Amino acid sequence: MVIKKKVLITGGAGFIGSHVVRLFVNKYPDYHIYNLDALTYAGNLENLTDIENAPNYTFIKGDITDEKFINSIFETYKFDCVIHLAAESHVDRSIKNPLAFVKTNVIGTMVLLNAFKSCWSERFDGKLFYHISTDEVYGTLGQTGLFTESTSYDPNSPYSASKASSDHFVRAYGETYNMPYVISNCSNNYGQNQFPEKLIPLFINNIIDHKDLPVYGDGNYTRDWLYVKDHAVAIDLIFHKGKLGETYNIGGFNEWKNIDLVRLLCKLMDVKLNREEGSSEQLITFVKDRPGHDLRYAIDASKINKELGWEPSVTFEEGLKKTIDWYLNNEHWLNNVTSGSYKLYYQNQYS
Ligand code: NAD
Ligand code: DAU
């Protein structure tokens with residue numbers, strides 16, 4: 001098979017990255033997919049056992065902040081395109097250790113940009129640097145309005161500030177060096193393989209174990225939720241059909257107040273676990289709020305819808321049911337990731 005493109009996907013052992021890697025490996029046998037991941041606490045090769053032996057797939061263990069190593073793999077493999085997902089991704093961790101976020105999300109992105117630029121000596125024909133970002137860069141909304149692609153950046157957490165900074169560098173390389181790039185900013189993802197530090201998998205895990213469900217503040221914070229496989233499909237479309245130098249917002253048209261989402265999750269879990277109706281809701285505990293907690297995120301995804309024909313394929317209730325089923329059927333995965341350092345993290349965050 002003649003290989004048409006060598007695609008480097010960073011952070012491919014993480015939650016969203018693993019869905020993107022699987023989609024690309026299976027859908028494009030004439031691309032070679034290189035998954036570069038440092039395998040931090042959030043990276044897990046168990047997410048990819050079904051494709052690990054595919055002939056068009058190579059895993060590379062490495063850190064995006066390691067300049068010498070990153071330059072060497074670009075020299076060896078000459079990647080045509082990069083889809084950059086590797087990041088520190090959890091807001092609560094960024095509040096406790098902001099520097100780690102600057103290191104990975106800002107410096108790591110810079111190292112990749114420089115390696116990509118040097119590799120092609122600024123002769124970028126047919127090349128692409130695709131940077132995956134978040135709606136959190138826009139800051140917070142009040143009770144109304146939506147984030148569009150032209151909303152000003154106004155990040156509030158160390159995580160979102162580091163992602164905003166990396167977005168700016170990608171754009172700056174586009175302007176300064178004519179580097180072909182696209183950026184997408186997505187809302188909250190949920191689905192299988194998400195590390196149980198984020199709201200939905202954390203609460204599924206706690207419900208299974210009859211543990212408290214720690215809702216921050218009064219629970220009246222709003223997020224827009226998107227099923228992870230729909231995000232992967234959007235990334236595929238933007239990668240192939242997105243206009244160079246453009247940004248695309250991706251969202252689920254699916255806003256939920258945290259407390260309403262948690263109540264729905266409790267209801268669905270009671271049914272799945274054959275527990276008495278209302279029993280999981282009794283685990284809800286209102287705890288100290290997250291510092292700098294953004295009130296509301298909501299995405300206007302009309303650009304990607306109109307220009308690329310993308311829309312979410314599953315309803316929230318369908319997606320949540322699939323997600324719950326996956327966690328209930330993958331106890332082994334859940335036990336593996338919640339053993340060891342997870343216990344320490346949990347104690348520090350919630351005690
Ligand atoms: P994740 O935390 O599940 O995975 C991150 C992956 O990056 C892990 O596999 C980890 O090992 C790897 N990684 C971390 N530091 C690294 C380093 N220095 N070198 C190499 N690899 C490293 O994150 P996720 O939720 O899958 O998010 C992926 C990307 O999508 C991130 O850039 C995030 O900002 C963005 N995003 C996430 C969401 C969401 O709801 N999860 C929404 C919008 C955008
Ligand atoms: O919007 C996109 C972003 O969504 C991504 O860029 C981030 O990587 C991803 O982590 C996510 O950020 P959030 O902070 O919105 O997600 P999280 O799951 O941490 O929290 C969702 C909401 O639930 C938020 O309002 C905080 C609240 N929450 C969260 C946790 C972990 C609780 O009430 N209790 C909790 O224990």
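Counting starts at 1 for both ligands and their atoms, following the listed order. Quantities reported herein were computed from a predicted structural model and do not represent experimental measurements.
- At least one N/O-N/O distance between N258 and ligand 2 falls below 3.5 Å.
- The backbone of S187, and not its side chain, has at least one atom closer than 4.0 Å to an atom of ligand 2 (non-hydrogen atoms only; backbone = N, CA, C, O).
- Assignment of S18 to the shell around ligand 1 is not supported, since no heavy atom sits closer than 4.0 Å.
- At a 4.0 Å heavy-atom cut-off, ligand 1 touches Y159 through the side chain alone.
- Between the side chain of H293 and the backbone N or O of D289, no donor-acceptor pair lies under 3.5 Å.
- In this structure, F24 has its ring center no closer than 6.0 Å to that of Y57.
- Annotation: side-chain contact (heavy atoms from CB on, under 4.5 Å) contacts of E281 (sequence neighbours excluded): R263, C266, I284.
- In this structure, T104 counts as a contact residue of ligand 1, since one of its heavy atoms falls inside 4.0 Å of the ligand.
- Aromatic ring centres of Y221 and Y216: separated by at least 6.0 Å.
- Which parts of ligand 2 touch K198 is read off a 4.0 Å heavy-atom cut-off, strictly below it: atoms 10 (O), 18 (O).
- With a 4.5 Å cut-off on side-chain heavy atoms, D224 and F253 do not count as touching.
- Short contacts between ligand 1 and L39, defined as distances under 4.0 Å to a heavy atom of the residue, involve ligand atoms 11 (O).
- Taking the six-membered ring for Trp, F116 and F129 have ring centres closer than 6.0 Å.
- For Y181 and Y130, the ring centers are positioned 6.0 Å apart or more.
- Of the heavy atoms in L202, only side-chain atoms (C-beta onward) come closer than 4.0 Å to ligand 2.
- The closest approach between any non-hydrogen atom of S187 and ligand 1 is below 4.0 Å.
- As a member of the Ile/Leu/Val/Met/Phe/Trp/Tyr network built from side-chain separations under 4.5 Å, Y345 groups with nothing else and remains a singleton.
- Contact analysis puts A13 in contact with ligand 1, with a non-hydrogen atom separation below 4.0 angstrom.
- Aromatic ring centroids of H168 and Y153 lie under 6.0 Å apart.
- At a heavy-atom cutoff of 4.0 Å, ligand 2 is contacted by the side chain of H293 but not by its backbone.
- Within the 4.0 Å heavy-atom criterion, neither part of N185 lies near ligand 1.
- Contacts of L199 with ligand 2, taken as heavy-atom pairs under 4.0 Å, involve both backbone and side chain.
- Residue P214 holds the heavy atom nearest to atom 34 (N) of ligand 2 of all those in P214, P201, G217, G219.
- Stacking of R296 on the aromatic ring of F147 is not recorded, the 6.0 Å distance cut-off and the 45° axial limit not both being met.
- Among D63, T40, L199, the residue whose heavy atom sits closest to atom 10 (C) of ligand 1 is T40.
- In this comparison of G43, G191, A87, S162, the heavy atom closest to atom 5 (C) of ligand 1 sits on A87.
- Ligand 2 has a nitrogen or oxygen under 3.5 angstrom from a nitrogen or oxygen of Y350.
- Scanning the protein heavy atoms around atom 12 (O) of ligand 2, the nearest turns out to be E136 OE2, 2.7 Å.
- Note: an N/O pair closer than 3.5 Å links R223 and ligand 2 by distance alone.
- Between D92 and ligand 2, not a single N/O pair is under 3.5 Å apart.
- Summary of contacts: the protein heavy atom closest to atom 19 (O) of ligand 2 is R290 NH2, 2.9 Å.
- Contact annotation for K163 and ligand 1: only side-chain heavy atoms (C-beta onward) come within less than 4.0 Å of the ligand.
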